[in-house]
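Below: one structure, written as structure tokens.
Counting starts at 1 for both ligands and their atoms, in listed order. Here the structure is a predicted model, which is why all the values come from computation and not from measurement.
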Amino acid sequence: MSTISHSLLQIKQRIIQTALQYGRSADDIQLLAVSKTRPVADIISAMQAGQYRFGESYVQEAIPKIQALQGEEKLEWHFIGPIQSNKTRLIAENFAWVQSLDSLKHAQRLHDQRPDYLSPLNVCIQVNVSAESQKSGISLSELAAFAQALTKFPRLQLRGLMTIPVYSQDFTQQRLPFRTLYEAYSQLQKSSFALDTLSMGMTEDMEAAIAEGATMVRIGTAIFGERGE
Ligand SMILES: *Cc1c(COP(=O)(O)O)cnc(C)c1O
């Protein structure tokens, strides 16, 4: 068994165990394998172990990988990095999902540039739960209006929320921003947005995110090893 397929098994085991511990069904938690900085060969190893959902953060790096694997119809590519205006067309043409949407200008461009032959682009709004000025994401106070504004873009399908909280080693601390995002997500659902994706949790804080209701965890290091960034 390759190291990657072994790591995938382990991470799935962690998901199942954590779900059990917090009274959740593991079937409600999807695994996004974050393949940024990894070669195509690593993605193929993960595919051979049954993983088809991949996340990339840099358009320039992702496009050649996506093109190299174009024949693989089960693959689902998620863009999870900062969006630049001059890259929106490549994102709209090559990805099934964008999880890092935080500007209406980018929403307009992605909508206009999404090709007709593809289904609407699935989007998650990136929320800056910790309200740090230097980080990307919509603030909680702007969230409802932003979600409402997205309804005028039929080529975008709002699926949910995503966050990257400030790093903490402490489990109790890790849970706080995830609980805040979960509450914002529930609030939007109550005001009749049909959302099904709460994307939160990475290698170091996956358990805390699952405890607070994550429906998708984004895992790089625990699957592919340390990044040499
Ligand atoms: C890199 C990255 C991840 C994966 O992080 P790991 O700590 O390697 O699991 C998840 N989400 C986003 C947005 C990332 O940029």
Side-chain angles (χ1 to χ4, degrees), residues 3-15 17-18 29-39 42-43 45-46 49 51-63 65-66 76-84 87 91 94-103 106 110 121-130 132 134-138 159-171 173-175 177-178 180-182 185 197-229:
T3 315
I4 290 173
S5 59
H6 184 70
S7 306
L8 270 168
L9 269 182
Q10 281 183 326
I11 203 82
K12 283 178 194 161
Q13 211 45 50
R14 260 173 75 187
I15 293 173
Q17 244 149 39
T18 311
I29 304 157
Q30 298 183 321
L31 173 60
L32 181 75
V34 176
S35 50
K36 66 176 183 220
T37 77
R38 318 293 179 171
D42 284 8
I43 298 172
S45 294
Q51 177 67 31
Y52 293 100
R53 191 177 290 116
F54 292 92
E56 289 282 339
S57 301
Y58 314 104
V59 175
Q60 218 83 292
E61 181 205 331
I63 301 302
K65 293 199 255 181
I66 294 173
E76 184 179 277
W77 294 100
H78 292 232
F79 187 73
I80 60 173
I83 300 170
Q84 293 168 283
K87 298 283 173 11
I91 295 172
N94 290 279
F95 286 83
W97 286 68
V98 172
Q99 296 199 11
S100 43
L101 188 62
D102 66 356
S103 113
H106 293 155
L110 291 166
L121 184 62
N122 297 292
V123 301
C124 288
I125 301 170
Q126 183 172 349
V127 182
N128 184 355
V129 176
S130 327
E132 294 159 285
Q134 77 274 22
K135 279 219 293 193
S136 9
I138 292 285
R159 298 293 295 270
L161 306 178
M162 185 274 256
T163 197
I164 312 170
V166 208
Y167 178 71
S168 164
Q169 275 188 317
D170 178 72
F171 186 67
Q173 288 298 319
Q174 287 178 355
R175 287 182 69 161
F178 293 145
T180 305
L181 194 71
Y182 174 80
Y185 176 74
T197 304
L198 189 55
S199 171
M200 54 189 199
M202 322 201 317
T203 294
E204 297 292 338
D205 54 14
M206 186 188 90
E207 279 82 1
I210 291 174
E212 296 298 344
T215 70
M216 190 183 292
V217 291
R218 309 179 308 269
I219 308 295
T221 308
I223 297 172
F224 300 108
E226 295 290 337
R227 278 182 297 275
E229 280 166 331

Under 4.0 Å between heavy atoms, the region of Glu204 that gets near ligand 1 turns out to be neither
Checking heavy atoms under 4.0 Å, the part of Gln99 that sits near ligand 1 is neither
Any side-chain donor paired with an acceptor under 3.5 Å for Ser35 and Glu56? yes
Heavy-atom proximity to atom 9 (O) of ligand 1 ranks first, among Thr203, Leu32, Val217, for Thr203
Per-atom filter on ligand 1: closer than 4.0 angstrom to a heavy atom of Ser57 are 15 (O)
So do Thr197 and Gln99 actually touch side chain to side chain, heavy atoms under 4.5 Å?
-> no
Report yes if some heavy atom in the side chain of Met162 is under 4.5 Å from a heavy atom in the side chain of Arg218; otherwise report no. yes
Ring pair (Phe, Tyr, Trp, His ring centres under 6.0 Å) filter on Phe54, not counting sequence neighbours, yields Trp77
Near Thr221 (heavy-atom distance under 4.0 Å), the atoms of ligand 1 are 6 (P), 7 (O), 8 (O), 9 (O)
- Should Ile164 be counted as touching ligand 1, given the test is an N or O pair under 3.5 Å? no
The atoms of ligand 1 lying under 4.0 Å from a heavy atom of Arg218, numbered in the order shown, are 4 (C), 9 (O), 10 (C), 11 (N), 12 (C), 13 (C)
Ligand 1 to Gly220, heavy atom cutoff 4.0 Å, flagged ligand atoms 4 (C), 6 (P), 8 (O), 9 (O)
Atoms of ligand 1 under 4.0 Å from any heavy atom of Ile80, numbered from 1 in the order shown, are 11 (N), 12 (C), 13 (C), 14 (C)
Quick note on ligand 1: atoms under 4.0 Å from a heavy atom of Ile219 include exactly 9 (O)
* Counting N and O atoms only, with roles assigned by atom type, does the side chain of Thr163 sit under 3.5 Å from a partner on the main chain of Val127, one being a donor and the other an acceptor? -> yes
Query raised in the report: Is the backbone N or O of Glu226 less than 3.5 Å from a side-chain atom of Thr221, with the two atoms forming a donor-acceptor pair by type?
Result: no
With sequence neighbours left out, the residues meeting side-chain hydrogen bond (donor to acceptor under 3.5 Å, both in side chains) with Glu207 are Arg14
